[in-house]
Amino acid sequence: MASTQEKTTPCCIPKTNDKSRKTSSSSSSSSSTEVLQNWSLAVGSGSGLSEESVPKTASMAALIRPAETIEDPPTTKTTTSKGISIMTRAQTSHPLDPLSAAEISVAVATVRAAGATPEVRDSMRFVEVVLVEPDKHVVALADAYFFPPFQPSLLPRTKRGPVIPSKLPPRRARLVVYSKRSNETSIWIVQLSEVHAATRGGHHRGKVISSKVVPDVQPPMDAMEYAECEAVVKDFPLFQEAMKKRGIEDMDLVMVDAWCAGYHSDADAPSRRLAKPLIFCRTESDCPMENGYARPVEGIHVLVDMQNMVVIEFEDRKLVPLPPADPLRNYTAGETRGGVDRSDVKPLQIIQPEGPSFRINGNFIAWQKWNFRIGFTPREGLVIYSVAYIDGSHGRRPVAHRLSFVEMVVPYGDPNAPHYRKNAFDAGEDGLGKNAHSLKKGCDCLGYIKYFDAHFTNFTGGVETIENCVCLHEEDHGILWKHQDWRTGLAEVRRSRRLTVSFVCTVANYEYGFFWHFYQDGKIEAEVKLTGILSLGALQPGETRKYGTTIAPGLYAPVHQHFFVARMDMAVDCKPGESFNQVVEVNLKVEEPGKDNVHNNAFYAEEELLRSELQSMRDCNPLTARHWIIRNTRNVNRTGQLTGFKLVPGSNCLPLAGSEAKFLRRAAFLKHNLWVTPYAPEEMYPGGEFPNQNPRVGEGLATWVKQNRSLEEADIVLWYVFGVTHVPRLEDWPVMPVEHIGFMLMPHGFFNCSPAIDVPPSATDLELKDNDIATKPIQNGMIAKL
């Protein structure tokens, strides 16, 4: 991901200068033009902004104070009282920074050079190149002495004082490599040295630390494979004949979505790399934005060998007529509901005249007492690291070490072909990060925006960059708190704002927006926004199906569910190296009638400590307002209670499938909403690292918890599974309005009082008090009588 100084692309206003400059924290006339280069401004939505409604760049810049940046420490050596030499910035990349484009190139070149023969090297396909995240003590060392937040207190004290190395360990890359020649998947670890020479045409300087072949697996599919698969199917003579039977001769109208085969029987074993495509057909070849998903092609069975890129099975099983062209299928401006868009949407401008309240240094973010780092991986997309809250005299208080969405599963509920095979693992089979959007193609955020780029390898080893991939911005969030004294008529009110960091990805027909919101009252919200186009089926004339909703003549949308898994490596009030967390389940209970409940109105919160992994497989229960508290076993608040954060579920569900459903072989983790494990660095993905065509039952989380490890005082990892059941509506067509789902991490006894009580009034509130409230007579009749 690009650093602060590297990202300078405005979103909705023109650049004044293409040169990138470092933003100063001081306010001066010379810095006014720099703001618009280092920050993107999306001021409006709705009907758009004319030249009259948006001030000119120069005049806007004159109103804006540059955002504050966190200063780098000097790069000169210093000496401790014991004569220890310290290089405060011995390397330019923080241990948790995503791999740069140069580092990815070096890692790929190193592995390719290690191939024994030219044939082996040519057959290498690079599925994933990611950072090997270092041990937590290395991260603590970096944060203590090398990078913000520069907190030596992060490290435990010793009698002889800290031993500080002059530099951090070298960064390492982990590569998942697929061999087109042998159909084998291997994992490589490469140590990276300084790689700047790579960008100047120098030789690679990586070192292979290890490599191993992983038997009986298939890695995720790649976009290049999907494109090749579409071309192979469209060129297959029997497929062309089948389409002619349906009245289609122009193959440019045909869309082939290569879905992974999943695992339903031994025929899907990973000894072959398989795809079972879904077929759709557009009606107009000269309309690139036509909704081709409105005409599904059913009755054709295709199986593609993705290793050799050949069709190995083909059968035209049933001639189902193509649905007629739906006049409501398209969604571009001017083509919806009769071709007339709304004309009464006025511009909505969001302006921050003094710039944003957050500060950034590279991937380190500081905002309203929160600070954290952001990362990005091809599989998970956005990752939040080292979340902490600056709590006055208490200093920096950790909350979590790592937060991310590690898997999602979309099972369909129609038992008919081909829909029963649709149970996509969008993270493990495709990659949420690799399918992320460049937000340059549309302002998904408003206000002052900081964008970050993301770098990946493509299938052949080249480096691809998604510009403006991650969006960071502030949002107004209504009332934070308010009270009016009814006796005096005086009121205090504060407006809430939140810091949002997000990305959006497209997986075939659906879009998913993943958001982490940080609030001024200490809450953290995880949110997923679902939108996109329904995956449809075709109906015979007069046919209906009970497993879906008829959307248009000849079209129906099967029922399905969307499940997401958030992995949260918690560290509530734990310094690096400490394992002092536990999880308590809370249920509200109604008191039994009797002497303690003579009025039959009593209820109370009952707590139960989750002592082991098998005890911690839990489900949501709204009837008892069930929630879970992650507590520190050593820290107490002013009332003597253990400090903690609680996980508050949002709306949720469990799989609507029988216990022997085929997709549950690979997704056993969906059987419960909450799982808790002690931290283990190799336990990252709930369905195992390679769910594609995985024949092993219950691999991953469901197997790990059988160890039944103790959780009474541990380095806790929460796995929260949350989902939505989608019974499609006509209103979901042609593009589904956003549906929200998520959960909240909320302080529970973590603070001694509301952490939001010190938020100042807004400028408008202060003006009202000065001009109105202070001189306004009390008019309330009740108050007058009192």
* Sub-4.5 Å side-chain heavy-atom contact between Tyr178 and Gln218 -> yes
When rounded to the nearest 0.5 Å, the distance separating CG of Leu382 from CH2 of Trp516 is 8.5 Å
Rounding to 0.5 Å, atoms OH (Tyr145) and OG (Ser166) come to a distance of 14.5 Å
Closest heavy-atom pair, Trp675 versus Ala668, reported as atoms and distance to 0.1 Å, is CZ2-O, 3.8 Å
Residue pairs passing the salt bridge (Lys or Arg N to Asp or Glu O under 4.0 Å) test with at least one member in residues 667-681, sequence neighbours excluded, are none
Check the surroundings of atom NZ in Lys523: do more than 12 heavy atoms from other residues, nucleotides or ligands lie under 6.0 Å from it? yes
Under 3.5 Å: donor-acceptor pair, side chain of Arg665, backbone of Pro695 = yes
query: According to the interplanar angle, ranging from 0 to 90°, do the rings of Phe372 and Phe518 count as parallel (below 30°), tilted (30 to 60°) or perpendicular (above 60°)?
result: parallel
request  = Taking the side chain as every heavy atom from C-beta outward, state whether Phe563 and Pro411 have any atom pair closer than 4.5 Å.
outcome  = yes
Applying salt bridge (Lys or Arg N to Asp or Glu O under 4.0 Å) to Asp569 and not counting sequence neighbours gives Lys136
Of all heavy-atom pairs linking Phe456 and Gly433, the shortest is CZ-O, 3.1 Å
| field | Donor on one side chain, acceptor on other, Asn632 and Thr643, under 3.5 Å | value | no
Residue pairs meeting salt bridge (Lys or Arg N to Asp or Glu O under 4.0 Å), one or both in residues 367-394, sequence neighbours left out, come to Asp143-Arg373, Lys369-Asp758, Arg379-Glu407, Glu380-Arg402, Asp391-Arg397
For residues 623-649, the ring pair (Phe, Tyr, Trp, His ring centres under 6.0 Å) pairs (sequence neighbours left out) are Phe645-Phe750
Q: Establish, yes or no, whether a centroid distance under 6.0 Å links the rings of Phe405 and Tyr512.
A: no
Within the structure provided, determine whether Leu647 and Leu745 are in side-chain contact (heavy-atom separation under 4.5 Å).
yes
- Message: Using a strict threshold of under 4.0 Å (side-chain N to carboxylate O), is an ion pair present between Lys434 and Asp222?
- Response: yes
For this session: Begin with the C-alpha distance, continue with both residues' side-chain angles, and end with the deciding distance and a verdict on side-chain contact (heavy atoms from CB on, under 4.5 Å) for Phe564 and Leu530.
Result: CA-CA 11 Å; Phe564 306 88; Leu530 297 79; 4.1 Å; yes
ask   = Got a donor-acceptor contact below 3.5 angstrom from the Asn673 side chain to the Cys620 backbone?
value = yes
Output for pair (Leu609 CG, Ser616 OG), nearest 0.5 Å, gives 8.5 Å
Ignoring hydrogens and angles, tell me if any N or O in the side chain of Asn692 forms a donor-acceptor pair with the backbone of Pro219 under 3.5 Å. yes
Separation between CD (Gln582) and CD (Glu713), nearest 0.5 Å, reads 7.5 Å
Smallest heavy-atom separation, Trp367 atom then Glu474 atom, equals NE1-OE2, 2.8 Å
Assess, by modelled atom type and distance only, whether the side chains of Trp188 and Ser186 contain a donor and an acceptor separated by less than 3.5 Å. yes
Residues passing the salt bridge (Lys or Arg N to Asp or Glu O under 4.0 Å) test with Arg626, sequence neighbours excluded, are Glu585
Residues at least two apart in sequence or cross-chain that pass side-chain contact (heavy atoms from CB on, under 4.5 Å) with Lys575, listed by chain then number, are Glu578
Exercise for review: Keeping the roles fixed (side chain from Asn694, backbone from Arg666), state whether a donor-acceptor pair exists under 3.5 Å.
Suggested key: no
Any donor-acceptor pair under 3.5 Å linking the side chain of Glu429 with the backbone of Phe425?
-> yes
Residues Val111 and Val190: closest non-hydrogen pair is CG2-CG2, 3.7 Å
- Do any N or O atoms from the side chain of Trp370 and from the backbone of Val387 form a donor-acceptor pair under 3.5 angstrom? no
Between the CG atom in Leu168 and the CG atom in Leu141, the distance rounded to the nearest 0.5 Å is 5.5 Å
ask   = Side chains of His473 and Thr500: is there a donor and an acceptor less than 3.5 Å apart?
value = no
d(Met746 CE, Ile629 CD1) to nearest 0.5 Å is 11.0 Å
Keeping the roles fixed (side chain from Glu712, backbone from Arg611), state whether a donor-acceptor pair exists under 3.5 Å.
no
Between His401 and Tyr679, is the ring centroid distance below 6.0 Å?
no
*Asn752 side chain vs Arg638 backbone, donor-acceptor pair below 3.5 Å*: yes
query: Do NZ/NE/NH1/NH2 and the carboxylate oxygens of Arg634 and Asp573 come within less than 4.0 Å?
result: no
Result for side chain to side chain contact (heavy atoms under 4.5 Å, CB included) between Ile630 and one of Val399, Leu718, Val584 points to Leu718
### Message
Centre-to-centre under 6.0 Å for Tyr720 and Phe743, is that the case here?
### Response
yes
Shortest non-hydrogen pair, Arg174 vs Ile189, comes out as CG-CD1, 3.6 Å
Legend entry - Asn581 side chain vs Val572 backbone, donor-acceptor pair below 3.5 Å: yes
Heavy atoms, side chains only, cut-off 4.5 Å: are Glu699 and Pro691 in contact? no
Only one of Leu701, Val406, Val705 passes side chain to side chain contact (heavy atoms under 4.5 Å, CB included) with Phe669, and that residue is Leu701
- Query: Heavy atoms, side chains only, cut-off 4.5 Å: are Arg396 and Asn371 in contact?
  - Reply: yes
| query | Under 3.5 Å, is there a donor-acceptor pair between the side chain of Arg171 and the main chain of Asp97? | reply | yes
